[in-house]
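Small disclaimer: the values here were computed from a predicted structure and weren't measured. In what follows, chains are A, B, ... by sequence order, proteins preceding strands, each numbered from 1.
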Amino acid sequence: MRTTQLYAPTLRETPAEAEVVSQKLMLRAGMIRKAAGGIYTYLPLAWRTLKKIEQIIREEMDEAGGQEISMPIVQPSELWKETGRWAVYGEEMFRLKDRHDREFCLGPTHEEMVTSLVRDEVRSYKQLPLMLYQIQNKYRDEIRPRFGLMRGREFIMQDLYSFDKDEAGLNVSYQKMYDAYSRIFTRCGLQFRPVEADNGAIGGGHSHEFTVLADAGESNIVYCTACDYAASDEKAELKPVEAAAEEMQPLETIATPGMKTIELVAESLHVPFEKTIKAVAFQNEKDEVVLAFVRGDHDVNEVKLQNLTGALTLRMADDAAIQAVGGVPGFMSPIGIKKGTQIVVDATVMGMYNAVAGANAMDAHYKNVNPKRDFIEVTAADIRLIKDGDPCPHCGAPVKMTRGIEAGQVFTLGTKYTEALHATFLDENGKEKPLVMGCYGIGVSRTMAAAIEQNNDEQGIIWPRAIAPFEVVVVPVNAKVPEQLALAETIYAALKGAGVDVLLDDRKERAGVKFKDADLIGYPVRITVGPKAVEENIIEVRTRRTGNTQNFTPDDYLDEVLALLKTL
RNA sequence: CGGGGCAUGGCUCAGUUUGGUAGAGCACCUGGCUUGGGACCAGGGGGUCGCAGGUUCGAAUCCUGCUGCUCCGACCA
């Protein structure tokens with residue numbers, strides 16, 4: 001490929017809309033252009049990278065026993081109504097009607113589609129296990145699309161669905177996918193971590209997220225400094241902390257005018273955070289109030305609370321709702337709340353003695369609160385959000401937190417969808433059973449963005465070789481000098497002949513322009529052909545990541561470049 | 001959904017307060033000159049100032065409505 005033939009309009013200035021590094025760089029490098037909020041056109045450079053990522057995925061999926069198919073983007077509402085998700089999915093689903101007024105959606109995912117496909121054709125355990133996958137556009141009408149390709153409304157996803165005859169088979173399929181995903185991200189040259197994850201709305205059994213480590217990431221993960229435990233912060237479990245036992249003092253009301261935050265209370269009463277109890281009020285999708293209580297220095301893990309209470313969604317409760325159940329916003333405690341209200345107290349709180357909590361009265365708190373004695377009709381459970389330094393649930397060593405981008409996730413689904421859609425088979429005994437299902441997804445376009453988030457500097461992108469749009473760019477310093485262009489052509493042809501994905505920057509631009517563009521787009525290797533090359537037979541090979549330049553001769557540069565590429 | 005902000009040539013923005021015939025830089029075209037890190041000189045093309053109303057002799061500028069984009073808001077109990 002030659003730059004004069006390549007549609008890659010680079011920008012010197014960053015468009016105002018760009019928020020995150022990957023988005024800025026992809027816009028500037030001429031890789032993407034925005035069509036609407038969260039919807040982008042992929043230009044040739046981006047498309048090449050996406051195809052490379054997809055190719056790696058295809059190879060690993062096929063190796064693991066997957067078969068590629070392509071399912072419709074436009075999906076009829078009937079199937080979604082069968083599983084109940086037509087209602088559950090809510091406004092996140094793009095919906096449309098055809099001319100006959102029949103309802104469709106743009107597929108946000110394909111469980112329904114693939115299950116209906118399989119239920120009509122799979123009759124016998126002899127046809128199992130079965131793994132089908134596709135790489136395809138997905139549509140989710142996000143409330144607030146942002147961060148470029150990281151949270152788009154249209155995005156490319158690889159999704160595989162496994163069907164087994166039993167749990168044991170599912171576990172084998174799950175492990176195969178887990179391993180395949182690990183290989184995929186490794187081959188893409190990314191630093192990542194598989195972490196235990198919450199299943200979320202998709203339901204089912206256990207799950208892992210594949211998180212690409214990057215500070216710009218939206219998800220927090222924790223990992224143990226001693227053992228191999230790693231989990232998303234939403235998932236990470238915590239054992240209750242038992243405070244040192246004290247004699248329980250009688251409950252006492254104290255005036256705390258205007259002290260609506262736990263910080264104010266702790267400070268003015270000279271009580272450590274560890275002796276305070278914080279209240280957080282939520283409302284679920286049915287507008288029922290759910291009250292959560294954690295220690296003053298802890299935070300509520302909404303996902304845990306959601307799973308525990310069976311809520312589909314949780315949001316902050318408004319004051320009126322809190323008052324309706326007998327709570328006083330800013331001064332709340334489980335004591336004196338209307339009967340029948342859902343009250344969840346973190347297990348650690350239950351182990352506290354003589355603590356400070358709201359008094360459920362304006363401008364007042366209780367002293368000497370002893371949850372074991374004073375909290376009645378509450379649910380005690382782990383609802384706390386893990387933080388840096390907390391003990392690992394496996395070995396107790398302190399955990400560390402880091403940020404990452406969720407690029408892939410694997411789930412066991414069990415029979416949730418196959419039962420709803422009556423996808424059954426006959427087992428060895430002729431007995432009808434629902435297929436046991438797993439689903440596995442990689443955000444392909446998001447992986448590209450994640451790769452950039454993880455690999456960039458002030459000058460631009462630094463592609464890992466495996467997913468770079470081109471592996472090498474050959475730059476004649478002055479394309480108007482025939483000798484330089486001729487030598488560049490020779491090198492270009494030689495690399496191409498050796499199977500290297502190479503670009504020749506044959507534009508009649510000044511050298512600086514071509515260098516800047518090369519750095520911005522981030523080709524792993526640049527070969528500069530200038531006067532030195534023509535007159536002294538020196539071929540300069542520059543590594544984008546390190547900025548190091550090595551000089552080779554026309555005889556040995558080819559082998560050296562091939563060897564260098566293997567390390568990038 | 002609630003609250004801000006923005007909308008002027010392909011991009012980044014000025015001009016709006018105080019109405020008076022639309023600007024800069026970059027990009028683009030032509031010529032010259034230049035070619036190892038986003039040159040320079042000269043000439044040139046390109047804008048219904050988001051849309052629709054209104055006020056006015058006159059509106060990018062003031063008023064009303066709409067649309068689009070964008071940012072913030074989900075641990076405050």
Should the pair A:Arg526 and A:Phe515 be classed as cation-pi, given the thresholds of under 6.0 Å to the six-membered ring centre and 45° from the axis?
yes
I want to check a possible cation-pi pair here: A:Arg446 against A:Phe155, using under 6.0 Å from ring centre and within 45° of the ring axis as the test.
no
Integer angstrom distance from the [atom1] of [N] to that of [M]:
N     : M     : atom1 : result
B:C1  : B:G25 : C1'   : 41 Å
B:C49 : B:G15 : C1'   : 11 Å
B:U64 : B:C57 : C1'   : 23 Å

In whole angstroms, how far is the [atom2] atom of [N] from the [atom1] atom of [X]?
X        : N     : atom1 : atom2 : result
A:Asp299 : B:C75 : CG    : C1'   : 5 Å
A:Leu291 : B:A77 : CG    : P     : 14 Å
A:Lys24  : B:C11 : NZ    : P     : 18 Å
A:Phe282 : B:A77 : CZ    : C1'   : 11 Å
A:Glu234 : B:A74 : CD    : P     : 17 Å
A:Lys278 : B:C75 : NZ    : P     : 10 Å
A:Arg295 : B:A77 : CZ    : P     : 15 Å
A:Gln283 : B:A74 : CD    : P     : 17 Å

Which nucleotide in the list B:C75, B:U12, B:A77 gets nearest to the side chain of A:Glu302?
B:C75
Hey, does the side-chain of A:Lys508 have a donor or acceptor N/O within less than 3.5 Å of a partner on the base of B:U34?
no
Mind checking what makes side-chain hydrogen bond (donor to acceptor under 3.5 Å, both in side chains) contact with A:Asp555, not counting sequence neighbours?
none
Not counting sequence neighbours, which residues clear side-chain hydrogen bond (donor to acceptor under 3.5 Å, both in side chains) with A:Thr4? List them please.
A:Asp506
A:Trp463 (side chain) donor-acceptor with A:Ile521 (main chain) under 3.5 angstrom
yes
Between A:Asn220 and A:Arg403, is a side-chain hydrogen bond (donor to acceptor under 3.5 Å, both in side chains) present by the stated rule, with each step listed?
CA-CA 5 Å; A:Asn220 289 306; A:Arg403 297 183 75 81; 3.0 Å; yes
Using a heavy-atom cut-off of under 4.0 Å over every strand shown, decide if A:Leu385 touches base, sugar-phosphate, or nothing.
nothing
How is A:Ala479 classified with respect to the nucleic acid when contacts are heavy atoms under 4.0 Å: base, sugar-phosphate, or nothing?
nothing
Per-nucleotide protein contact string for nucleotides 36-42 of chain B (B base, S sugar-phosphate only, - none; heavy atom under 4.0 Å):
BBBB---
Decide if atom CG of A:Asp215 counts as having more than 12 heavy atoms of other residues, nucleotides or ligands within a radius under 6.0 Å.
no
On RNA chain B, nearest-nucleotide positions of A:Thr14 versus A:Asn478: which is more 5'?
A:Thr14
